[in-house]
Participant: 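Take a look at this one; I'll ask things after.
Chain naming here is simple, since letters A, B, ... match the order of the sequence lines and numbering starts at 1 in each.
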Number of protein chains: 2
Amino acid sequence: MADGTSRLAWADVAAQLRGRHLRLTPQRRAVVAALAEFEGHVTAAQIVERCLEEDADFVPSTVYRTLHLLEDLGLITHIHDADGREEFQPAAEAPHAHLICRECGTTREIGADELGDFLGLLHRRHGFDVDLSHLAIFGRCVGCTRG
Amino acid sequence: MADGTSRLAWADVAAQLRGRHLRLTPQRRAVVAALAEFEGHVTAAQIVERCLEEDADFVPSTVYRTLHLLEDLGLITHIHDADGREEFQPAAEAPHAHLICRECGTTREIGADELGDFLGLLHRRHGFDVDLSHLAIFGRCVGCTRG
DNA sequence: ATAGATGCAAAACCTTTGCAATCGC
DNA sequence: GCGATTGCAAAGGTTTTGCATCTAT
């Protein structure tokens with residue numbers, strides 16, 4: 001996607017599941033819906049909470065299983081946030097990294113194009129292929145530096 | 001440090017502690033010694049294990065408390081590894097980032113000089129000051145790409 | 001002496017797992 | 001119906017916390 005905002009496409013989820021003889025259950029719908037709602041980086045806990053609002057019978061293990069399934073299907077990815085918790089995001093068609101402010105916790109996306117030759121440099125120099133969607137860059141954001 | 005290898009200086013630890021009326025206990029010595037031994041990125045669990053070898057009376061909570069204290073003092077920093085566990089390292093005088101292979105788990109250090117204008121770019125473009133020592137870059141290393 | 005540290009044990013947290021029951025296909 | 005999926009409940013692993021005791025300064 002050009003604008004950096006990635007959405008989890010229903011069609012993709014359905015297609016992937018059917019293609020592998022996996023099932024589209026209400027619980028999975030709910031998790032996907034929750035992911036779509038947040039439109040960005042979500043903690044597993046946030047998904048659990050959202051799903052519980054919808055249906056009190058929801059259970060965390062199902063959420064985790066679903067999230068890991070979606071990840072296996074290549075539909076979402078996860079990074080670990082500043083506190084070490086899993087934070088999921090739709091697998092963007094245009095992969096992007098995250099700038100995470102250690103002071104206010106704000107997360108901001110930046111695309112590969114904003115990294116300059118960073119990726120190429122690491123590849124040439126170390127033969128290292130960066131997994132951009134798992135790249136969490138910690139530091140201080142503008143606001144906190146000025147404030 | 002110029003060579004990228006950072007050591008935790010005893011003098012710094014002692015100075016910081018005394019300056020704040022904190023105490024240099026045997027347990028703290030042991031943790032610092034363990035950190036020095038590994039000379040790099042260490043898991044909290046590794047420190048605990050090492051300390052237990054020295055003295056069976058060691059207790060994990062003390063290790064965690066000490067590590068967090070050292071971090072507060074600015075002597076060490078930590079990142080979260082691929083599994084979300086805390087991984088500590090001496091606060092390098094020459095800060096460096098880490099290349100972490102998601103396949104084999106190998107970690108490799110790279111200095112600011114190897115990042116090209118990456119840091120400057122983020123600063124100019126987003127006003128974002130990267131905390132280099134918390135930068136964990138995930139991807140595939142040379143070995144795993146070739147293999 | 002006295003504030004700071006430790007050990008212990010328990011809890012908090014996040015995540016995973018086994019298994020019988022259930023339900024989508 | 002069959003096999004995938006769920007709920008439940010329990011366990012696993014990591015990190016934190018309260019409190020009485022101890023100790024470096």
Participant: Does CZ in Arg18(B) sit with more than 12 non-hydrogen atoms of other residues, nucleotides or ligands closer than 6.0 Å?
Facilitator: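 No, because the 6.0 Å sphere around CZ of Arg18(B) holds 12 heavy atoms or fewer from other groups.
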Participant: Mark up nucleotides 20-25 of chain D, 5' to 3', with B wherever a protein heavy atom is under 4.0 angstrom from a base atom, S wherever such an atom reaches only the sugar-phosphate, and - elsewhere.
Facilitator: ---BBS
Participant: State, to 0.1 Å, how close Leu17(B) and Arg28(B) come at their nearest heavy-atom pair, and which atoms those are.
Facilitator: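 Heavy-atom minimum between the residues: CD2-NH1, 4.3 Å.
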Participant: Step by step, work out the side-chain hydrogen bond (donor to acceptor under 3.5 Å, both in side chains) result for Arg20(B) and Gln16(B).
Facilitator: CA-CA 6 Å; Arg20(B) 308 193 190 209; Gln16(B) 285 282 343; 3.1 Å; yes
Participant: Please compare Phe58(B) and His21(B) by the position of their nearest nucleotide in DNA chain C and report the one closer to 5'.
Facilitator: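 Going by which nucleotide is closer to the 5' end, it is His21(B).
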Participant: Above 12 or not: heavy atoms from other molecules or residues under 6.0 Å from NE2 of His126(B)?
Facilitator: yes
Participant: Taking the side chain as everything from C-beta on, heavy atoms only, tell me whether Glu86(B) gets closer than 4.5 Å to Thr43(B).
Facilitator: no
Participant: Whole angstrom is fine here: how far is it from CG in Asp83(A) over to P in dT15(D)?
Facilitator: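 My rounded result for the distance is 12 Å.
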Participant: Side chains of His98(A) and Glu87(A): donor-acceptor distance under 3.5 Å anywhere?
Facilitator: no
Participant: Quickly work out the His78(B) NE2 to dT14(D) P distance and round it to whole Å.
Facilitator: 15 Å
Participant: Would you please confirm or rule out a distance under 4.0 Å between OP1 or OP2 of dG7(D) and any side-chain N or O of Gln27(A)?
Facilitator: yes
Participant: So which one's nearest nucleotide on DNA chain C is more toward 5', Ala56(B) or Leu69(B)?
Facilitator: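 Per heavy-atom nearest nucleotide, the more 5' residue is Leu69(B).
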Participant: Counting C-beta onward and ignoring hydrogens, is there a side-chain heavy-atom pair between His80(B) and Arg85(A) closer than 4.5 Å?
Facilitator: no
Participant: What's the CG-P distance between Leu17(A) and dA4(D), to the nearest Å?
Facilitator: 13 Å
Participant: On the 0 to 90° scale, with breaks at 30° and 60°, tag the His68(B)-Tyr64(B) ring pair as parallel, tilted or perpendicular.
Facilitator: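 Tilted: the ring planes of His68(B) and Tyr64(B) meet at 30° to 60°.
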Participant: For Asp81(B) and dT14(D), give me the distance from atom CG to atom P, rounded to whole Å.
Facilitator: 10 Å
Participant: Nearest whole Å is fine: how far is dC23(C) P from Asp57(A) CG?
Facilitator: 11 Å
Participant: When the distance from CD of Glu71(B) to P of dT16(D) is rounded to whole Å, what number comes out?
Facilitator: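 Those two atoms, CD and P, are 10 Å apart.
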Participant: When you check every protein heavy atom under 4.0 Å of nucleotides 10-22 of chain C, what one-letter string (B, S, -) results, 5' to 3'?
Facilitator: ----SSBBB----
Participant: So, for Cys141(B) and Phe128(A), which heavy atoms are closest and what is the spacing to 0.1 Å?
Facilitator: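 Reported closest heavy-atom pair: CA-CD1, 3.7 Å.
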